[in-house]
S.K.: 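Following this message is one structure expressed as structure tokens.
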Protein chains: 2
Amino acid sequence: MTDRKTECSVALTGKLYRPSVHFTPPTGFMNDPNGLVFDGTQYHLYYQHNPDAAYSANICWGHATSTDLLNWKDQPIAVPDTVDGQAYTGCAVLDRDNRSGLFANAHGTNIAALYTRSLPTRQSQYLAISDNNGQSFEEYAGNPVLDIGSPNFRDPQVIFHEPTQKWVVVIAEVDHHRIGFYASNDLIHWTHLSHFGPAGLPTVNYECPNLIQVRDEAGAMRWVLFVSINPGSPMGGSVTQYFIGDFDGAVFTPCDAILRLTDFAKDAYALQVWSNMPDSEAVNIAWMGNWQYCQELPTRDWRGAMSLPRSMTIIQDTNGYPRLVQKPRGVEKLRLPLLSEANRYLAVSTRREIPLPVGKAIEIVIRLTADEYRQTEPGQNGPVINRFELAFANEEGEKLSIGYDVPSSQIWLDRSKLRGFDHPFFTGRFAAPVNTAYYPDARSVDLHLFLDGCAFELYANEYLETATALVYPARPLDRLRLVTEGTGFTIETLEIYTLDKTMCRATL
Amino acid sequence: MTDRKTECSVALTGKLYRPSVHFTPPTGFMNDPNGLVFDGTQYHLYYQHNPDAAYSANICWGHATSTDLLNWKDQPIAVPDTVDGQAYTGCAVLDRDNRSGLFANAHGTNIAALYTRSLPTRQSQYLAISDNNGQSFEEYAGNPVLDIGSPNFRDPQVIFHEPTQKWVVVIAEVDHHRIGFYASNDLIHWTHLSHFGPAGLPTVNYECPNLIQVRDEAGAMRWVLFVSINPGSPMGGSVTQYFIGDFDGAVFTPCDAILRLTDFAKDAYALQVWSNMPDSEAVNIAWMGNWQYCQELPTRDWRGAMSLPRSMTIIQDTNGYPRLVQKPRGVEKLRLPLLSEANRYLAVSTRREIPLPVGKAIEIVIRLTADEYRQTEPGQNGPVINRFELAFANEEGEKLSIGYDVPSSQIWLDRSKLRGFDHPFFTGRFAAPVNTAYYPDARSVDLHLFLDGCAFELYANEYLETATALVYPARPLDRLRLVTEGTGFTIETLEIYTLDKTMCRATL
């Protein structure tokens with residue numbers, strides 16, 4: 001029923017789909033990012049990892065380091081699977097001044113990790129410390145440090161809350177569909193503070209809570225609580241929801257009754273944030289995956305990718321809702337210009353093609369405006385169809401289509417015309433409103449796109465909309481197609497780049 | 001870019017896609033159901049209607065009546081488009097004892113309607129009364145009766161609130177993303193009570209609020225507030241969200257912070273409820289449409305369909321959330337048995353086909369259980385794939401697929417393999433979790449399906465999940481296919497019926 005045929009050989013798909021600037025595991029399976037911390041010199045990316053096979057089993061913490069969040073250097077497994085359980089998701093924090101008292105050095109690169117040891121009947125939280133800059137960890141002898149006797153209690157993330165001078169952990173009380181908050185002075189002894197939820201979608205599992213302060217457009221720092229849920233996304237399966245609000249060191253209070261999702265496609269799960277970022281920059285990374293199909297993707301020797309790192313701020317959108325802005329971080333320095341133009345007019349029914357190199361990550365920045373139009377008078381004509389499409393395509397008729405419908409101010413993402421992967425849960429089409437004031441004269445749209453092997457990212461509407469999608473063409477997409485329907489468009493700016501490879505994996 | 005080719009001729013598609021038991025307009029365009037009221041003898045279905053063309057313009061109230069909510073008799077246009085504006089969505093109420101004082105008769109079939117007159121710069125609420133059992137309405141001379149000077153203030157629904165002995169209207173304050181509550185003694189003079197929202201999805205338009213009491217499993221009546229939103233559905237475009245809570249005659253207070261959607265596909269919008277139902281039965285009907293593509297559907301002489309009427313109750317699901325149960329109402333009496341079997345075993349990798357008659361509405365009730373299975377031990381094997389698929393198919397390779405993934409307890413609906421309609425916003429695949437307690441031994445699933453021209457409805461998990469989807473095969477789907485993968489399934493019950501035609505439209 002799933003028609004999992006690909007038109008590529010298995011050997012080819014591994015390379016065709018390998019990204020060159022998105023992080024992927026050397027071999028085997030990868031899911032959640034973990035333990036994201038900047039140690040003062042380098043960024044750590046730990047990740048849920050099965051090095052031996054491309055599906056979820058025997059999970060340990062894989063590890064890579066970087067000085068720019070883009071060029072990653074593989075490191076040895078940092079936290080192994082043990083008889084105490086698989087090493088499930090958790091966090092790492094820098095305790096420079098040894099506030100916990102756990103470290104031999106009063107000052108230094110003191111990294112502590114808190115993560116879930118998972119057995120079939122019990123999930124409990126383990127503390128570990130590193131004396132070698134996060135290369136490996138020694139588990140605390142008194143583990144577990146946080147255990148409520150539940151098989152579903154996981155994914156701790158620790159912050160140091162300055163006003164109360166306490167460590168605070170947010171953790172998923174999965175069976176209760178809520179997030180627990182606990183405080184500690186030493187990372188060992190934890191006191192229950194409060195819980196948040198159920199809130200948002202009426203789903204099964206709450207997972208991977210992350211709490212962080214994000215700067216808004218007025219310069220104020222606002223608390224954001226991320227909660228990943230699975231299954232139960234309206235788009236199917238796994239999705240990350242977030243709440244904007246206050247946190248007083250004990251209780252999280254959302255600022256409104258609005259449910260927000262980080263992404264309008266369905267491959268951005270288990271979003272995590274870096275701790276100890278300079279200037280309190282809020283940076284996230286998400287696993288490009290969805291539990292509905294992540295273990296059946298058409299790469300057999302490796303599965304799983306991370307999104308680009310994204311710098312976050314909060315702005316009020318045109319409907320008055322405070323919402324997250326996510327911008328891909330630092331990619332500019334990888335750019336090799338391929339095409340740049342401005343103020344070029346595309347008449348109605350234009351179909352323009354631009355060749356693209358194969359095997360390179362492609363970045364496109366485009367801003368365009370439709371010709372002025374008037375809503376037709378009722379009864380005069382049929383509905384107004386004014387659309388712009390940008391498609392990555394090939395000669396075999398495959399296309400990855402992104403478009404803008406002017407009258408309804410909505411964008412689409414359509415991966416349904418790619419033939420490399422077919423699965424009953426692999427949804428093809430996604431959409432989001434942009435410029436969303438009611439009945440706007442919203443003729444302009446801005447799109448920022450990355451296509452990098454199987455990793456596709458779309459940012460739109462001044463980075464208020466993000467779509468993260470795995471894409472599997474059967475053959476390389478070797479051309480860009482620009483198509484207009486019903487109206488002309490002025491391309492105000494179009495920039496196309498290839499990106500310098502940052503990952504050492506074997507690509508096409 | 002939209003590849004709107006169909007493999008059928010235009011003449012054919014009108015008939016191929018015409019439902020025989022779902023309500024469709026005689027000609028032209030239909031969107032929201034309106035003014036749903038039982039007058040003591042017959043049910044009224046008014047509807048947003050352009051009789052002259054199959055897109056939205058010159059909207060008036062179409063009208064049909066029924067004594068069973070299934071066999072509908074067309075009536076003349078009830079509320080015309082006038083110089084005061086198009087006749088947008090509203091309600092009708094029976095004022096049997098003339099509590100409003102508007103009617104000549106102290107007791108009788110006194111029907112009052114309140115609806116939005118829509119001009120480009122102003123939407124205001126008009127009162128009208130009928131002295132001929134709802135066949136036509138006379139507008140009150142002092143209209144509008146409710147006007148806040150807004151171009152976006154619409155879709156009033158009136159209830160009589162017994163405890164306070166007042167008429168209460170819920171109405172969309174569209175620009176404020178909220179629902180207004182007003183009270184009146186006479187349906188003419190309205191006093192603002194409160195508002196609800198923003199709540200739920202951070203969307204543009206709030207529309208079509210409906211407030212009703214629904215019985216829960218303990219027999220208590222709970223208030224449910226429906227709010228349709230467009231655009232901004234996570235599935236794209238239009239969607240109906242609902243809130244369960246208390247209403248004291250002035251203020252609606254939700255019982256929790258959960259966002260609920262009425263449907264997990266994307267063609268059930270502007271859901272409305274019947275007023276004055278015997279025994280306080282809560283019955284809804286939804287427009288099978290989505291503003292993303294409703295005016296471009298491949299039927300050219302008519303567009304728009306209503307869902308089956310659905311009787312509602314509230315139960316607590318296995319995760320502890322109170323949620324709506326929606327059951328198709330009264331369809332049993334239309335059934336003509338085609339096949340009935342019990343306790344039939346389908347081994348692994350079975351592919352069984354059952355021929356289906358063409359041009360008839362088909363109903364299928366099936367309950368099945370997968371063989372016992374154990375989650376494989378980590379590292380022993382790949383991921384567990386245990387799936388069941390039921391597909392409406394044809395020789396040309398088209399299929400409308402519904403399935404159950406046992407390990408993740410999720411069902412899917414896949415219309416992406418049908419070739420009669422292609423549109424960038426016409427999402428192909430939808431999914432929902434069922435039996436959603438965590439790590440359940442959830443090997444059973446119940447499905448209840450209706451395929452009737454372009455109208456497809458899926459009910460699952462004891463009617464806790466509903467999916468309403470327009471479907472456009474290029475050729476008739478003339479066989480049912482049952483497929484197993486990875487495990488055997490026991491079909492506990494399988495019933496297939498054709499349904500007696502209730503609508504007088506010309507079908508295939």
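Order of the sequence lines sets the chain letters (A, B, ...), proteins ahead of strands, with each chain counted from 1. Only heavy atoms go into these numbers, but all of them, side chains included; no hydrogens, no water, no symmetry mates.
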S.K.: Looking at chain B, which one of A/G232, A/A257, A/P254 has the largest number of heavy-atom pairs inside 4.5 Å, strictly under?
M.R.: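 Among A/G232, A/A257, A/P254, the one with the most close pairs to chain B is A/A257.
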S.K.: Do you know which of A/I59, A/L413, A/T203, A/V239 has the most heavy-atom pairs under 4.5 Å to chain B?
M.R.: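 So the answer, after comparing A/I59, A/L413, A/T203, A/V239, is A/T203.
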S.K.: Can you tell which of A/A53, A/G236, A/A199 has the highest number of heavy-atom pairs within less than 4.5 Å of chain B?
M.R.: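 When all of A/A53, A/G236, A/A199 are compared, A/A199 has the most.
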S.K.: So, the side chain of A/D263 versus the backbone of A/A268: is there a donor-acceptor pair under 3.5 Å, distance only?
M.R.: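 Looks like no, no N/O pair under 3.5 Å.
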S.K.: The criterion is salt bridge (charged side-chain N to carboxylate O under 4.0 Å, His left out); which residues satisfy it with A/R429, sequence neighbours excluded?
M.R.: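 For A/R429 the salt bridge (charged side-chain N to carboxylate O under 4.0 Å, His left out) partners, ignoring immediate neighbours, are A/D414, B/D422.
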S.K.: Among B/P234, B/G200, B/G320, single out the residue with the greatest number of heavy-atom pairs under 4.5 Å to chain A.
M.R.: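 Ranked by heavy-atom pairs under 4.5 Å with chain A, first place is B/G200.
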S.K.: By a 4.5 Å heavy-atom criterion (distance strictly below it), what part of A/T427 contacts chain B: side chain, backbone, both, or neither?
M.R.: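 Contact with chain B involves both backbone and side-chain atoms of A/T427.
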S.K.: Heavy-atom distance under 4.5 Å to chain A: side chain of B/F29, backbone, both or neither?
M.R.: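 Nothing of B/F29, per the 4.5 Å heavy-atom cut-off to chain A.
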S.K.: How many angstroms lie between atom CG of A/D81 and atom SG of A/C60, to the nearest 0.5 angstrom?
M.R.: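 A/D81 CG to A/C60 SG: 7.0 Å, rounded to 0.5 Å.
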S.K.: Looking at A/K417 and A/E389, does any basic side-chain N land under 4.0 Å from a carboxylate oxygen?
M.R.: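 Between A/E389 and A/K417 there is no salt bridge, as every charged N stays at least 4.0 Å from the carboxylate O atoms.
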S.K.: Report which part of B/L390 has an atom under 4.5 Å of a heavy atom belonging to chain A: side chain, backbone, both, or neither.
M.R.: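 For B/L390, neither part sits under 4.5 Å from chain A.
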S.K.: For chain B, which of A/D52, A/D256, A/I258 has the most heavy-atom pairs under 4.5 Å?
M.R.: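 Going by pairs under 4.5 Å, I would pick A/I258.
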S.K.: Regarding B/R154 and B/E207, does a basic nitrogen lie under 4.0 Å from an acidic carboxylate oxygen?
M.R.: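 Counted as a salt bridge, because a side-chain N and a carboxylate O are separated by less than 4.0 Å.
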S.K.: Taking the six-membered ring where the residue is Trp, are the ring centres of A/F243 and A/F252 under 6.0 Å apart?
M.R.: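 Ring centres of A/F252 and A/F243 not closer than 6.0 Å.
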S.K.: Tell me, side chain or backbone of A/L261 under 4.5 Å from chain B's heavy atoms, or both, or neither?
M.R.: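 It is the side chain, since no backbone atom gets that close.
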S.K.: May I ask you to check whether A/E173 and A/H195 show a side-chain donor-acceptor distance below 3.5 Å?
M.R.: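 Side-chain D/A pair, A/E173 to A/H195: absent.
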S.K.: Look at B/Q292, B/R351, B/Q410, B/H176 and state which one has the largest set of heavy-atom pairs under 4.5 Å with chain A.
M.R.: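 Option with the greatest count: B/Q410.
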